[in-house]
Amino acid sequence: MVKEILLKVVEVEEEAESLVKKAKEDAKSLVSQSEIKVKKDLDEMIASAKAESDRLKKQAEDDMKDELHLITQKSEERCKDIAKIPQDRFDEAKNLLIERIVRQHGDS
């Protein structure tokens with residue numbers, strides 16, 4: 001009977017060692033799978049962030065081009081308006097400036 005109990009204890013110990021070994025292998029496998037999943041998820045997040053960054057950059061460039069086009073149009077309109085001013089008004093402004101300069105510096 002003692003022999004049977006000792007054999008049973010040895011059998012249970014061997015079974016326990018086998019279970020521990022399997023648990024360690026399973027743990028290693030889970031860690032490995034987790035690392036693979038984390039890397040895959042990280043790669044997907046990086047790709048998503050890059051796509052969003054590219055989208056935002058494109059949108060900013062488009063907005064800038066629209067704003068630049070608007071500014072250019074306004075500048076062209078202002079230039080056309082200035083070109084429509086009669087020459088005698090420019091001459092009059094020029095003479096007024098000359099008078100002011102001469103008056104301020106004429107006594108020097």
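All values below were derived from every heavy atom in this structure, side-chain atoms included, with hydrogens, water molecules and symmetry-related copies excluded.
- More than 12 heavy atoms of other residues, nucleotides or ligands lie within 6.0 Å of CD in Glu25, so this atom counts as buried by the packing criterion.
- Val2 is not connected to Val10 by any chain of hydrophobic side-chain contacts under 4.5 Å among Ile, Leu, Val, Met, Phe, Trp and Tyr, and they are in different clusters.
- In this structure, CG in Asp66 is found 9.5 Å from CE in Met64, a value given to the nearest 0.5 Å.
- In summary, Lys58 and Asp62 engage in a salt bridge, as defined by a charged side-chain N under 4.0 Å from a carboxylate O.
- A donor-acceptor pair under 3.5 Å is absent between the side-chain atoms of Ser18 and the main chain of Glu14, judged by distance alone.
- The shortest side-chain heavy-atom distance between Lys39 and Glu35 does not fall under the 4.5 Å cut-off.
- When side chains are defined from C-beta on, Lys8 counts as touching Glu11, because their heavy atoms get closer than 4.5 Å.
- Distance CD/Glu44 to CG/Leu42: 10.0 Å, rounded to 0.5 Å.
- Side-chain contact between Arg55 and Gln59 is present, with heavy atoms from C-beta onward closer than 4.5 Å.
- The CD atom of Glu92 sits 11.0 Å away from the CG atom of Leu97 when rounded to the nearest 0.5 Å.
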Ile71 vs Glu67, side-chain contact (heavy atoms from CB on, under 4.5 Å): CA-CA, chis, key distance, verdict:
CA-CA 6 Å; Ile71 291 170; Glu67 185 68 22; 4.0 Å; yes
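- Within 6.0 Å of CD in Glu4 there are 12 or fewer heavy atoms belonging to other residues, nucleotides or ligands.
- The CG atom of Asp43 lies 12.5 Å from the OG atom of Ser48; values are rounded to the nearest 0.5 Å.
- The main-chain N or O of Ala49 is never found under 3.5 Å from a side-chain atom of Ser53 such that the two would form a donor-acceptor pair.
- How far CD of Gln33 is from NZ of Lys37: 11.5 Å, rounded to the nearest 0.5 Å.
- Rounding to the nearest 0.5 angstrom, the gap separating the CG atom in Leu6 from the CD atom in Glu13 is 9.5 Å.
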